[in-house]
Asks: 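Have a look at the structure that comes next, please.
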Amino acid sequence: MILPPEFYARDTVTVTQDLLGCLLVHQGKGGTAAGWIVEDEAYLKGDPAAHSYRGETKRNRVLFGPPGRVYTYLIYGLHTCVNVAMGPVGTGEAILIRALEPAFGVDLMQKRRGMDDPLELASGPGKLTEALGITMDLNGTSLCTGPLQIWSPDSLPDRRPEGWPGEIVQTTRIGITKAADRPLRFYLKESRYISRR
DNA sequence: ATCAGGATTGGCT
DNA sequence: GCCAATCCTGATT
């Protein structure tokens with residue numbers, strides 16, 4: 001089943017861990033594709049590394065809306081990254097989804113990425129958006145009612161992500177310069193589908 | 001109006 | 001390991 005609004009209306013770090021093993025599904029142009037979430041990061045209130053740190057702007061305004069909405073942004077003029085807006089209205093917290101294990105629509109993901117290796121299809125924040133066809137027009141849509149959704153792994157008992165349920169590893173976040181020491185990155189220890197750098 | 005820099009990736013040394 | 005690609009946003013002049 002699709003994760004309900006109540007799932008997101010909880011502590012951000014808790015939800016960041018609970019999202020591991022859940023299925024990110026996108027019903028987009030060209031078809032549907034999905035992957036298990038195996039790596040993600042939390043960006044909190046008062047966090048210098050968070051896009052919301054300097055207050056609300058045109059770009060980050062969905063972060064300050066209700067939890068459970070999609071926040072997308074363009075990085076390095078090349079790649080789209082996808083987040084879940086978190087915290088009560090006005091808080092501006094977020095969860096960055098960093099890596100997926102391909103699960104459904106793998107052929108479509110391969111076509112979009114222009115490569116075959118399942119280990120490389122969605123093992124990074126820019127890779128996974130390309131593989132699922134996630135673009136900036138999804139910014140602000142609801143994960144509970146929109147074309148991009150997150151499903152509970154318990155509702156799909158026939159297939160399981162590698163290493164789930166299992167040990168969750170917590171480390172520092174990747175690719176940031178501010179607040180680089182905060183341990184807010186989480187991933188499934190036994191998964192081979194984690195981002196490299 | 002201008003400009004520095006970024007929650008990345010892929011290719012080359 | 002190093003570096004270019006590529007462009008939008010936010011801060012500054």
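First the proteins, then the strands, lettered A, B, ... as listed; each starts at 1.
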Asks: In this structure, how many angstroms lie between the P atom of dC3(C) and the CG atom of Leu78(A), rounded?
Replies: 18 Å

Asks: Check each of Val25(A), Ile2(A), Leu19(A), Val70(A) against Ile150(A) using the side-chain contact (heavy atoms from CB on, under 4.5 Å) test, and report the only one that passes.
Replies: Leu19(A)

Asks: Would you mind telling me which residue lines up with the more 5' stretch of DNA chain B, Lys178(A) or Arg113(A), judged by nearest nucleotide?
Replies: Lys178(A)

Asks: Using a 3.5 Å limit on both pairing distances, list the dot-bracket string of DNA chain B from the 5' end; Watson-Crick and G-U wobble pairs count, crossing pairs take [ ], interstrand pairs take |.
Replies: ||||||.|||||.

Asks: Among the clusters formed by ILVMFWY side chains lying less than 4.5 Å apart, do Ile95(A) and Val62(A) turn up in the same one?
Replies: no

Asks: Base, sugar-phosphate, or nothing: which does Arg185(A) touch, judged by heavy atoms less than 4.0 Å apart?
Replies: nothing

Asks: Just the rounded figure in Å: distance from P of dT9(B) to CG of Asp117(A).
Replies: 15 Å

Asks: Any chance the side chains of Glu93(A) and Thr12(A) put a donor and an acceptor closer than 3.5 Å?
Replies: yes

Asks: Got a second to check how far Tyr8(A)'s OH is from Cys144(A)'s SG, nearest 0.5 Å?
Replies: 5.5 Å

Asks: Send over the distance from Glu41(A) CD to dG6(B) C1', rounded to a whole Å.
Replies: 14 Å

Asks: Between dT9(B), dG10(B), dT6(C), spot the one nearest the side chain of Tyr76(A), thanks.
Replies: dT6(C)

Asks: When you measure from the side-chain N and O atoms of Arg197(A) to the phosphate of dC3(C), is any distance below 4.0 Å, counting only OP1 and OP2?
Replies: no

Asks: Rounding to the closest angstrom, what is the interatomic distance between dT6(C) and dT2(B) at atom P?
Replies: 23 Å

Asks: Does the Arg160(A) side chain pair with the main chain of Asp154(A), one donor and one acceptor, at a distance under 3.5 Å?
Replies: no

Asks: Return the residues of residues 46-61 of chain A meeting this criterion: a heavy atom under 4.0 Å from some atom of DNA chain C. Order them by number, or give none.
Replies: Arg54(A), Thr57(A), Arg59(A)

Asks: Under 3.5 Å, is there a donor on one side chain and an acceptor on the other for Gln149(A) and Trp151(A)?
Replies: yes

Asks: For Asp40(A) and dA7(B), what is the distance between atoms CG and C1' respectively, to the nearest whole Å?
Replies: 13 Å

Asks: From CD of Glu130(A) over to C1' of dA5(C), roughly how many Å is that when rounded to an integer?
Replies: 14 Å

Asks: Tell me which nucleotide among dC8(C), dA7(B), dG10(B) gets nearest to the side chain of Asn83(A).
Replies: dA7(B)

Asks: Any Lys/Arg nitrogen of Glu130(A) or Arg113(A) sitting under 4.0 Å from an Asp/Glu carboxylate oxygen of the other?
Replies: yes

Asks: Measure the NE2-CG distance between His79(A) and Leu74(A) for me, rounded to the nearest 0.5 Å.
Replies: 9.0 Å

Asks: Hydrogens and angles aside, do Glu39(A) and Ser195(A) bring a side-chain donor and acceptor to less than 3.5 Å of each other?
Replies: yes

Asks: Nearest to the side chain of His79(A) - dT9(B), dG6(B), dG10(B)?
Replies: dT9(B)

Asks: Give a yes/no answer on whether the side chain of Arg98(A) brings an N or O atom under 4.0 Å of OP1 or OP2 in dT8(B).
Replies: yes

Asks: Could you measure the distance from the OH atom of Tyr43(A) to the OH atom of Tyr71(A)? Nearest 0.5 Å is fine.
Replies: 11.0 Å

Asks: Quickly work out the Leu44(A) CG to dA7(B) C1' distance and round it to whole Å.
Replies: 13 Å

Asks: How long is the line joining OH of Tyr73(A) and P of dG10(C), in whole Å?
Replies: 13 Å

Asks: Separation of Ile176(A) atom CD1 from dG5(B) atom C1', in whole Å?
Replies: 15 Å

